[in-house]
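Below, chain A is the first sequence line, B the second, and so on; all start at residue 1. What you see below is based on every heavy atom in this structure, not just the backbone, and it leaves out hydrogens, waters and symmetry mates.
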Amino acid sequence: MDYSVIAEAYSRIEETRKRLEMTEILVELFSKVKDDSDLLRRIVYLTQGQLSPDYQSMVLGVANKLALKAISRGSGVSPETIENWWIETGDLGFVAERAMANKTQTSLFSEPLTVNRVFDSLMNMAMKEGSGSQKTKQDIFANLFHDSSPHEAKYIARMLSGKLRLGIADMTIIDALAQTFGTEKERVEIAYNKYPALGQIAYVLSEKGLDGLDEIKIDPGVPLKAMLCERLSSLPDIIDKLGKCSFEYKYDGLRIQAHIWSDPRVGQVVELYTRQLENVTAQFPDVIEVLKASFNKTEGILDGECVPIDINTGQMLPFQEVSHRRGRKTELAKAIEDYPVSVFFFDCLFLNEEELINLPYTTRREKLASCLDISDRVFISHSLITDDPDKAEDFFQQSLSDGCEGIIAKSISDDSPYKAGSRGWQWVKFKRDYKSELDDTVDLAIIGGFAGRGRRAGTYGALLMATYNHETDTFESVTKLGSGFNDEMLASFSSMLDEHKVKKIPVRVESKMIPDYWFEPVVVMEVKGAEITLSPIHTCGLDEIRKGNGLAIRFPRFIGMREDKGPEDATTTEEMVSLYNLQLKRLE
DNA sequence: GTATGTACTTCGC
DNA sequence: CTCCGACTGATTCGG
DNA sequence: CCGAATCAGTCGGAGGCGAAGTACATAC
């Protein structure tokens, strides 16, 4: 099949915002290849903007910057022009499309661009590594570019950027697959819950038809999509929603899905996966070891949180600590020693050949308790079943003083299965910073702006914000701010900020981070965050807590304008430092 | 030619 | 991780 | 009673911080 067929479908999808229409177009596309299982599988992955399921992680190693270079090289349009188009449109697809239309040389000989060729080329790019690989990747792209229409180039470029921007993701594809093969969405979803590889599910549908879905089983060694939470900002609301429920500590660490099974040749095997299904087995040999000792059954899949701790006191430490472990390949032994962790399990999805995901939550907890001997490093999450808001509030306060982010309420009804994603209000989180009365907001001066991308193209995607340092009379960067703006606010940025735009960094501004545009500090905004972190890049209170580090805000979001405040009335660096020192969990 | 620094990407929250 | 917006399907309102 | 208005839920896509690895450029 020609890639143009896909590109055509994509552009029709882009024209609408109606999900029903998008699904219809996808069904039409899938139907054309429903008997070619290999091709269907590839098209499904491409439509997800991927080449493989998450847990196999075939990544291109190319994103915006390298793609821009590649587009420039492939089209002969100068890097400067390409860069300008990028800032202007905020979309690599548009840049590639325009570059293609402006291509300096026309191609005399061209090979047809088939879906398979595009897929194979991308796969080839993903596998290239080592010295010279970036150039090879650009060559592969240039080769594709050579034979594509502007229209096709648009979607190939978006594959490189990792954002197809079609308005389509897993749930829509699930729906479309269900319709293509004549079943209800729920049935495909059930398979997806056990086996998060949509391309492979499509393949099975094509090969074996609907009966194939029933053969999809949970398999230790293949991670399941993690169940997520909704959120509410008051405990009475949560109890209204869930009734009597199980409140549990929400540990601030790394979500870990532990798979344990027995291999006839090597014996007991343990593998660990993150929320996005990254295999982190190699990073946590210490966890593997303690888990092997604690787990007293043959096979199981457990869900939990891996939390950094102080090895002497057992106290929980800031999230930053455990992130040193994630993805690490070098000096593992030292990292294990420097950043010890405990694991708190809260769910059991599979135990000795039995799938538990459709059993009620309370039953799964019982199973969990039955298969784990707790130790000084392996625990079952702290919980309290109640429908009393006051008791829940006490529990919440206790969770904070024990070093957690807050609590999660989980339904204990008979219908409380483990479901991928965050649908159905089965689990609801409640964090300290959701409480509006806890007024941990700061007022920050705008010192810079970043060009928006996608639907923020043409305005600022984020602003660079600063505290005011009284002693030095300077403004020090403390966070970028890009969340919490509504359309009206975004539309007003230009008239609010353009008059303060300056060519160079203003004299009173201290920032290591370089925005696309500088602003004279004039406008002040109220900002909320979850906590303050030690930052290698922001200059607020640089060196005050730790040499070489400033302070930054975790999960920053816009709350409102502070038109009553001038820049010198912004939160001061000094205040920021003392807020940091007031935090329960902090690094020094 | 190796060592060091930096830009970029990916992924955890 | 936080947040916003468009669409959808269900329910309520009002002529 | 039926069409219009309203509401909650779903889904997708904007954007944040930090840490690690990789490829490449530069310094010595």
Side-chain angles (χ1 to χ4, degrees), chain A residues 16-23 54 57 59-69 90 128-137 160-172 174-175 228-231 252-256 274-278 280 283 305-306 318-331 335 339 405 421-425 429 431 433-434 450 452-457 459-465 478-490 527-538 549 551-559:
Chain A
T16 180
R17 305 181 85 156
K18 295 188 168 64
R19 193 147 309 285
L20 297 177
E21 278 177 31
M22 294 174 177
T23 311
D54 289 331
S57 171
V59 289
L60 291 171
V62 173
N64 293 330
K65 294 302 173 73
L66 293 178
L68 285 170
K69 270 191 196 172
K128 289 281 179 295
E129 55 183 36
S131 185
S133 60
Q134 287 187 358
K135 186 180 176 305
T136 313
K137 288 180 187 189
L160 300 196
S161 79
K163 289 181 193 300
L164 238 33
R165 302 192 55 235
L166 299 176
I168 279 182
D170 294 6
M171 293 319 291
T172 310
I174 287 173
D175 205 356
L228 304 175
C229 309
E230 292 289 347
R231 32 178 300 187
D252 192 9
L254 221 58
R255 182 80 174 265
I256 289 288
T274 65
R275 199 171 72 114
Q276 300 296 339
L277 315 184
E278 189 190 31
V280 288
Q283 281 70 37
E305 192 87 4
C306 180
F319 172 77
Q320 262 177 300
E321 293 290 278
V322 75
S323 26
H324 290 287
R325 298 281 298 271
R326 202 211 116 243
R328 181 176 281 276
K329 295 180 179 173
T330 61
E331 296 186 287
Y339 311 108
E405 292 180 294
S422 53
R423 280 148 300 128
W425 295 94
K429 64 182 156 183
K431 287 165 70 170
D433 54 298
Y434 300 166
F450 296 85
R453 322 236 247 254
R455 65 189 305 276
R456 300 249 178 116
T459 181
Y460 303 105
L463 304 172
L464 185 57
M465 311 300 292
V478 68
T479 189
K480 286 205 279 177
L481 182 61
S483 193
F485 304 126
N486 59 23
D487 285 357
E488 192 190 352
M489 196 64 214
L490 287 164
V527 176
K528 187 170 223 178
E531 65 181 334
I532 303 169
T533 57
L534 278 184
S535 171
I537 179 74
H538 287 291
N549 284 105
L551 297 175
I553 297 173
R554 190 181 186 200
F555 309 144
R557 58 265 200 192
F558 171 78
I559 296 299

Would you please confirm or rule out a distance under 4.0 Å between OP1 or OP2 of D/dC11 and any side-chain N or O of A/T172? no
Please determine whether a side-chain nitrogen or oxygen atom of A/R328 lies at a distance below 4.0 Å from atom OP1 or OP2 of D/dA20. yes
At what distance, to the nearest 0.5 angstrom, does CD of A/E305 lie from CG of A/L254? 7.0 Å
Atom NZ of A/K69 to atom C1' of D/dC24: distance rounded to whole Å? 8 Å
With a 4.5 Å cut-off on side-chain heavy atoms, are A/F485 and A/R456 touching? yes
Using a 4.0 Å heavy-atom cut-off, does A/K431 contact any base of the nucleic acid, only the sugar-phosphate backbone, or nothing at all? sugar-phosphate
Using a cut-off of 4.0 Å on non-hydrogen atoms, how would the nucleic acid contact of A/R456 be classed: base, sugar-phosphate, or nothing? sugar-phosphate
Check every strand shown and say whether A/R325 touches a base, only sugar-phosphate, or nothing at a heavy-atom separation below 4.0 Å. nothing
What is the distance, rounded to the nearest whole Å, between atom CG of A/L60 and atom C1' of B/dC8? 14 Å
With A/D433 as partner, the option from A/R557, A/K528, A/R231 fulfilling salt bridge (Lys or Arg N to Asp or Glu O under 4.0 Å) is A/R557
I need the minimum non-hydrogen distance between A/T23 and A/R19, along with the two atoms involved. OG1-O, 2.7 Å
Taking 4.0 Å as the cut-off, does a side-chain nitrogen or oxygen of A/H324 come that near to OP1 or OP2 on D/dG18? no
Can you check the distance between C/dC4 and B/dA7, where both ends of the measurement are the C1' atom (answer in whole Å)? 32 Å
With respect to the side chain of A/N486, which nucleotide from D/dG16, C/dG5, B/dT9 is positioned closest? C/dG5
Phosphate OP1/OP2 of D/dC11 contacted by A/R17 side-chain N/O (<4.0 Å): no
Below the 4.0 Å mark, does D/dA14 have OP1 or OP2 next to a side-chain nitrogen or oxygen of A/R165? yes
When A/L481 and A/L164 are each assigned the nearest nucleotide of DNA chain D, the 5'-most assignment goes to A/L164
Hey, which sits more toward the 5' end of DNA chain C by its nearest nucleotide, A/D487 or A/F555? A/F555
Closest to side chain of A/R326, choosing from B/dT10, D/dG16, C/dC4: B/dT10
Name the residue closer to the 5' end of DNA chain C, choosing between A/R275 and A/F485 according to the nucleotide with the nearest heavy atom. A/R275
At 4.0 Å (heavy atoms only), tell me whether A/I537 reaches a base, stays on the sugar-phosphate, or touches nothing. sugar-phosphate
Look at the side chain of A/E230 and decide which nucleotide, out of D/dG18, C/dC3, D/dT10, has an atom nearest to it. D/dT10
In whole Å, I'd like the distance from the CD atom of A/Q283 to the P atom of B/dT10. 18 Å
Base, sugar-phosphate or nothing for A/G529? Non-hydrogen atoms, less than 4.0 Å. nothing
Taking A/R326 for the side chain and A/Q283 for the main chain, is one N or O donor matched with an acceptor at less than 3.5 Å? no
Under 3.5 Å donor-acceptor, A/T533 side chain and A/S535 backbone: no
Distance, rounded to the nearest Å, where A/K528 contributes NZ and D/dG15 contributes C1': 18 Å
Whole-Å distance, A/K65 NZ to B/dT6 C1', equals 12 Å
If you define the side chain from C-beta out and look only at heavy atoms, does anything of A/L228 sit under 4.5 Å from A/R275? yes
Under 4.0 Å between a Lys/Arg side-chain N and an Asp/Glu carboxylate O for A/K431 and A/D252? no
Under 4.0 Å: is that the gap between some side-chain N or O of A/R19 and OP1 or OP2 of C/dA6? no
Is the phosphate of C/dT2 approached by A/Y434 (side-chain N or O, under 4.0 Å from OP1 or OP2)? yes
Whole angstrom value for the distance that separates P of D/dC17 from CG of A/L464: 9 Å
Phosphate-side-chain proximity, A/S323 and D/dG18, N/O vs OP1/OP2 below 4.0 Å: no
What is the separation between atom CG on A/L228 and atom P on B/dG12, rounded to the nearest whole Å? 12 Å
Base, sugar-phosphate, or nothing for A/G162, non-hydrogen atoms under 4.0 angstrom? nothing
Of the options B/dT10, D/dG18, D/dG15, whose atoms approach the side-chain atoms of A/R453 most closely? D/dG15
Candidates D/dC17, B/dT10, D/dG18 - which lies nearest the side chain of A/K480: D/dC17
Verify the contact: side-chain N or O of A/K329 to OP1 or OP2 of D/dG21, cut-off strictly under 4.0 Å; return yes or no. no
Taking for each residue the nucleotide of DNA chain D with the nearest heavy atom, is it A/S483 or A/S133 whose nucleotide lies nearer the 5' end? A/S483
For A/V322, report the nucleic acid contact type (base, sugar-phosphate, nothing); a contact means any heavy atom under 4.0 Å. nothing
Is A/S57 near enough to B/dT10 that one of its side-chain N or O atoms lies under 4.0 angstrom from OP1 or OP2? no
Nearest to the side chain of A/A462 - D/dG16, C/dT2, B/dT9? D/dG16
From CD of A/Q134 across to P of B/dC8 the rounded distance in Å is 10 Å
Output yes when at least one side-chain N/O atom of A/K163 is less than 4.0 Å from OP1 or OP2 of D/dA14, else no. no
Which part of the nucleic acid, if any, lies within reach of A/K135 when heavy atoms closer than 4.0 Å are counted: base, sugar-phosphate only, or nothing? sugar-phosphate
